[in-house]
Each structure stands twice: as structure tokens, then as C-alpha cells.
Amino acid sequence: MRNIILWMAVLLLNACSNNTTHQTPKTDYDLPAADYKPRLTASDPAGWKPVADKATAPTGGVTLADNGVFKPVMEKNIHYLLHSFSVNHMLVPFRLRAGQEAPPDDRPQVGFWDTDLRGSNAGRFMMGAGNTLRWMKNEELQNRLDELIDGIEACREPNGYILAYPPVIDSLRSEEPNYARAWFTHGLIDAAIAGNPKAYHLLRGHADWFNQWDEIHPKLLYWNHNSHQGHIAGTRTYLSPIGKPEDLQVAEKYYLCDWWIDELAARHDSAVWQYPLQNPHSYLITSFEAYLDHYRATGEEKILEAMKGAWELIHDKWEHVGGSIAICENQWFVENGKRVLKHYNGKEECSHPPHSYYLDGHGHTGETCGSAFWIKFNQRFHRLFPDEEKYMTEIEKSIYNVILACQTDEGHIRYHAVMEGKRELPRNSANSCCEGQGTRALSTLPEYIYSIASDGLYVNLYEPSSIHCTVKGQAVGLTIESEFPFKPQVSVKVKTASAEKMKLRIRIPSWATGKMEIYVNGKQFTTGRPGTYAELSRQWNAGDVIDFTLPMGLHLTRYTGVNKVEGAERYAVEYGPVLLAAVGSEHTPAHVKLDPSKPLDYLKQASPESLKFDVAADSLSFVPYWLLPEAQVFTVFPAVDAQRMENGK
């Protein structure tokens, strides 16, 4: 294990007063888990200074066009939800806990995913169905969602307890009090937003019960495997319409760690890949979401600085070129009396240090759930700082290169976005972590296209669609007409009941190859720089049209990870936000004749409307990673042999 010496502040708590603390420096991340303490005290709500979002995501009112990329993807996700697990199957653990000895089921409970994470399957379905129904009507999906929630309500105990396992600590399995509870919470909130009248009531009763479960609280951060992932259940409940201060206070006392806040604020990468409590994992990002929720709820500035540090660490050291997350599950083991970090199977060192960037399945890299969390983390930042374009760039590339890529032609959901070899086959309805977060991400696609501000709207993505919402008390609408990413031309039409003074902000992506001219009703209005939002402030009338052409081009990224090729360099190719994969060779990594400084000398677009690029004087082509067939041999990082490159010039 690579040993990194650093100083780390560990919070020590006074057992008598429970309110005085001091920090003791530590030199390692391999101390016993019990040495890493949460706060164990909660702040007074009277001192909270909530930070308002400057922009919000729509919870409805967005319609996807038939000719776009997102709509067929969401329709396949509906098929997945309706053909994976029955309502009876998802209700089995709830009914068993409620005392039914042989509840109806149509297939065996899935080992581990159903049996050791009881209730997560219901959370998976509620997340996928609830979010989908905000944008699309589907009677069968709606009926199943309502039937599932009715079934959960029928198993509710008089004290409000509704979880799928008995409220006895000794009966809990694996990650149930954190993972399964968080998924279940997400699902109820998403079902409530979609309009189910019972979901918030059930959640409030559950949260009231959970907040009094004093026996479990001190154990939450130390529970088996990825214990931090339960944190988000408390913050999401608090920030929902039925939230109470106690929801946030319990989360603050038993999950919030000042030593970790200090380490992340200092940008110490060990705080990620050597996270000392349970498993360093892409699931750390879901805890980052929760920490940022604390800042939004309380205004505690040092948490914001820590989360900016967390964002930089993931972005700079553990994000693949296409947006997938390059850190996955590792585990602490005890050998010769000392804790050591190894691959989760315990048989080898595969601990994802900074810039390791494993490309194949051996590295357990690119989990779909990691990118789903990364999208949500960036969305929180976007809502706080909507004019900082970088957060929407992260969301965009994660969507096109991971979330779209995780879905098979049949609608199943892949676990990993591997970077070379062949696409991973899906597990076909196993209720895996990536199925749950994958269906959630696929069902929320419309909410990233636009953002709503008090003085206007943001156009974030270029997917053909329309939005109808209220700005300054007036009904307004926008319609995007495009064939993005296959064509760069975009037209935005304005709809208002009467003349309306507002600001429309158009994203000029950081991947743009140059400045972008923006026209209103055929006349140039402004020019935007890459990595910014162009602000169009004027009186808008129904029928006004905004036109622009996105400056899309090829750009290459040199590979710096562990899977190097001797005597050659490796480069990934992107076109706009779209990650391309090299195909046409039976072997990976394929070699390609390409001058990285002059890609247009070697890569020729097959047609003006195609995202396929052929390599001149070679048999290789580059095609969108997300569109790769399952049987296709590919590599995202082909090797550029120095001698071949010299001969090709």
C-alpha cells in the first residue's frame, strides 16, 4: 500500500460535557476506525443561516421532443422498470417484517441485493418511477408506484416504522441502516414530487421514529461497508417540504466529521482514496452531496470550502476523460496487527491512488452509480453558483458518456463504463447499486436542460425539448429545436402571454473551440466565450427566436494512468462533450497513426451529420462511446506509436 504521510485532525469529544472538543494531529489513515469521530453535537437551528439557491431545477413542465436523444432513453427505462421486478417481489421484505410468513412472490429474492439490502428494491423502483412520472404519463407505471406505496403503508407499524427490516440492531444486515434507508428515502421523496399523496406522510412518520432510535445513531458511521452513504437520507428529508430541524441535527451529530471537513478543505487526496472509515469508494460522493446540503441549510462556510475541495479532488484525480469516476470499492483489512488497504476482494493491491485511471474491468472502474452521484453533486453547485459553467459541463459529459452508455438496447443497466475491451454485459434485473442509481439518473434527464431563476431562465443543455414555468409571476416557455449532438445548430423559441422583461442565459460550453455568436430574430445580439453563460437581457415577446451554432470540434487528452503502453503514448478523442472510442482492430489497445497536435490532419468526419471519424490511411475509426455495440472491441485510449506518428507526418 502506498504510504502517504499527512497530518489529520481527529475530533476528540469530552464524554462528560459532550460539548467541548480539541484536535489532535494524526500521521496516518490506518488507525482503528473508532479513532475517527463524528461531531456528536448538533448546532442550534436558531443560528442557522440558510443559503438560497440562485437557480432551481424544474420538477415538472419539461417535455422532450420525439427527435431527441433523451426521450427514447427514458422510454426504455420505463420498460426496464415495468419488466424487472413485480410489486409483490418488492414488498416481500416489508410483509415478512410485518408478520406474513409466506408473502406472494414470483421469483426468488436476489442474493445480497434483495436479501442483505432489504427495502432497497422498493427504493430503486420509487426513484425510477417517481422521477419518470414528473415528465411522462404512463398509467401502468403510475399504478405500480401507487400499489407499491399502498403495500408499504399496509405494513406500517403504529409508531410510524416502515422500513423493510425489524427495528432491532442484531437483525440488520450489511449496509441496511445506511444504503437501504437512503434509497428508500430518495424513493419516497421522488414519489411525493410525482404526486403520490401518501409518500410524504409515510416519510415523516418514519423520520420521526428514526430520529428517536438512539441505539442505532452512534453506530451509523461505523456500520459495515460504505457507512457514510446513509447521511443523505437525513439531509434530503430535512430539505423536503416535510422536513424538521431534528432531521438535520441527527445527521449533523452522527455523520458530520470535522476532521474530514478539514482534510477535504486542505485538498489532501488521502481523504478520498484512503478514507479511513469502511470503504473508499465512489459512494463518497453521495456523502459530499449531504455535506453540501448542510451548507445550504445552515450557511456553515467551512463546509462549503471542504466541498469545493472534494469537487477538485474528484475532478482532478479520479475522473475519467468521459466523466466516469475512476475510484471504486477498496477495503481495509488487518494484517499482522496493522490495517492495510486492498482491493475489495482482499487478494491484491488495487487501491485507486490519484491518477491511477484503470481502463478495464480489473480496476472495478467507472461505476454507473458514481456518475449518478457526481451529477447530483454538481447540480447542487450549479444551483448555488449557476453562472459557473463548469458544473453543467460535468453534468453534460456524465450524461452523454456514462448515463446514456449504461443502458443497453433492451433497456437493462450496466454496472461499469469500462474504457477498453468490450462493453460490459448488464446483470439483467439484479437490483444492483448501478441499476438503482442508473434508473434514477435516466429518469431525471429533463431536469438538467433548463434552470429557473428569479429573473429568468438558464439554457444548460441543447436537447430538443420545451419548458413551461413561471418567472416573476408570469407564465413563460422556451422550446429548443436541435439535433444535438449530431448537428451543432440550435434554435430557441420564446413563448410568453405578453411582453416580458427577463434574462435568458445561454450556456457556451467550455469544450467550445471558440467564441459563439448568438442571434435574436436574425440579428446578432451578443458573442459568448467558452466556459460562460451569455446573458440576454431584454423585453421578450411571443415568437422571438434565439439562434446559435455551437463551436464543436475535436480535442485530445493524453492518458496518464497505470495502463500505459511501452514505447507509445495514449490519447482519448472527444468531439464536443462526446467521448469517442477507437474501433476496427481485433486487439486493444489499438495503435493509431495520429498527430495529437493536429487531429484534423488524420481524423476525417465520415459525413457532415455523422459522429464517426475515420483515420486517414488506417483501418481504425472513432465512434461515440455511448453508441458502441456490446460485441465491439474498442479502446478509448488508442496507442500513438512515436515511429508511426513520425512516418505519418
Side-chain angles (χ1 to χ4, degrees), residues 85-106 109 114-131 133 141-217 220 230 232-244 246-247 250-251 431 436:
F85 297 94
S86 69
V87 171
N88 278 336
H89 181 89
M90 292 184 283
L91 285 174
V92 162
F94 296 92
R95 289 169 170 166
L96 286 172
R97 190 262 300 154
Q100 293 187 28
E101 293 186 2
D105 199 352
D106 58 350
Q109 295 282 293
D114 280 343
T115 59
D116 288 47
L117 299 171
R118 291 169 289 180
S120 67
N121 210 336
R124 174 199 63 88
F125 184 84
M126 289 190 293
M127 286 189 290
N131 284 306
L133 292 167
L141 192 66
Q142 182 71 66
N143 289 341
R144 290 202 193 182
L145 178 63
D146 294 342
E147 182 183 352
L148 177 62
I149 291 176
D150 288 346
I152 294 168
E153 182 187 42
C155 297
R156 180 182 182 272
E157 295 185 9
N159 62 6
Y161 189 82
I162 55 173
L163 295 176
Y165 38 81
V168 179
I169 288 180
D170 291 342
S171 73
L172 301 183
R173 305 169 190 165
S174 188
E175 302 161 68
E176 285 179 333
N178 287 302
Y179 175 115
R181 182 174 59 88
W183 279 37
F184 192 59
T185 300
H186 286 312
L188 285 172
I189 292 173
D190 295 338
I193 294 172
N196 184 281
K198 298 179 180 180
Y200 274 144
H201 172 70
L202 291 173
L203 178 61
R204 184 64 265 159
H206 156 68
D208 287 340
W209 188 94
F210 182 82
N211 290 342
Q212 301 301 316
W213 195 8
D214 294 336
E215 185 183 10
I216 193 70
H217 294 161
L220 289 171
I232 192 71
T235 65
R236 274 212 81 191
T237 300
Y238 172 72
L239 292 171
S240 75
I242 50 86
K244 293 181 179 180
E246 292 82 4
D247 304 325
V250 169
N431 183 36

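All values derive from a computational prediction rather than experimental measurement. Index from 1, following the sequence.
- Cation-pi contact between R181 and F210: present, with separation from the ring centre below 6.0 Å and deviation from the ring axis of at most 45°.
- Between the CG atom of L141 and the CG atom of L133 there is a distance of 4.5 Å, given to the nearest 0.5 Å.
- Side-chain atoms of D190 and M126, non-hydrogen and from C-beta on, never get closer than 4.5 Å to each other.
- For the side chain to side chain contact (heavy atoms under 4.5 Å, CB included) with P177, the qualifying choice from L172, I169, L163 is L172, the only one to do so.
- Residues D114 and R124 are not paired through a salt bridge, judged by the lack of any N-O separation under 4.0 Å between the basic side chain and the carboxylate.
- Here the side chains of R173 and Y165 are not in contact, with every heavy-atom distance at 4.5 Å or above.
- Here the side chains of N88 and P103 are not in contact, with every heavy-atom distance at 4.5 Å or above.
- The side-chain heavy atoms of R97 and E157, taken from C-beta on, include a pair separated by under 4.5 Å.
- Using cut-offs of 30° and 60° for the angle between ring planes, the F85 and H89 rings count as parallel.
- Side-chain atoms of R156 do not come within 3.5 Å of backbone N or O of L202 as any donor-acceptor pair.
- Between F94 and F184, the angle of the ring planes lies from 30° to 60°, which puts this pair in the tilted group.
- Inter-residue side-chain proximity for I232 and H186 is flagged as met; some heavy-atom pair is nearer than 4.5 Å.
- Looking at N431 and L117, their side chains never come closer than 4.5 Å, going by heavy atoms from C-beta outward.
- Looking only at distances, a side-chain donor or acceptor of R204 sits under 3.5 Å from a matching main-chain atom of I242.
- Judged as a salt bridge (Lys or Arg N to Asp or Glu O under 4.0 Å), and not counting sequence neighbours, the contacts of K198 are D150, E153.
- Looking at heavy atoms from C-beta onward, V92 lies out of side-chain contact with R95 at the 4.5 angstrom threshold.
- Looking at heavy atoms from C-beta onward, Q212 lies out of side-chain contact with D208 at the 4.5 angstrom threshold.
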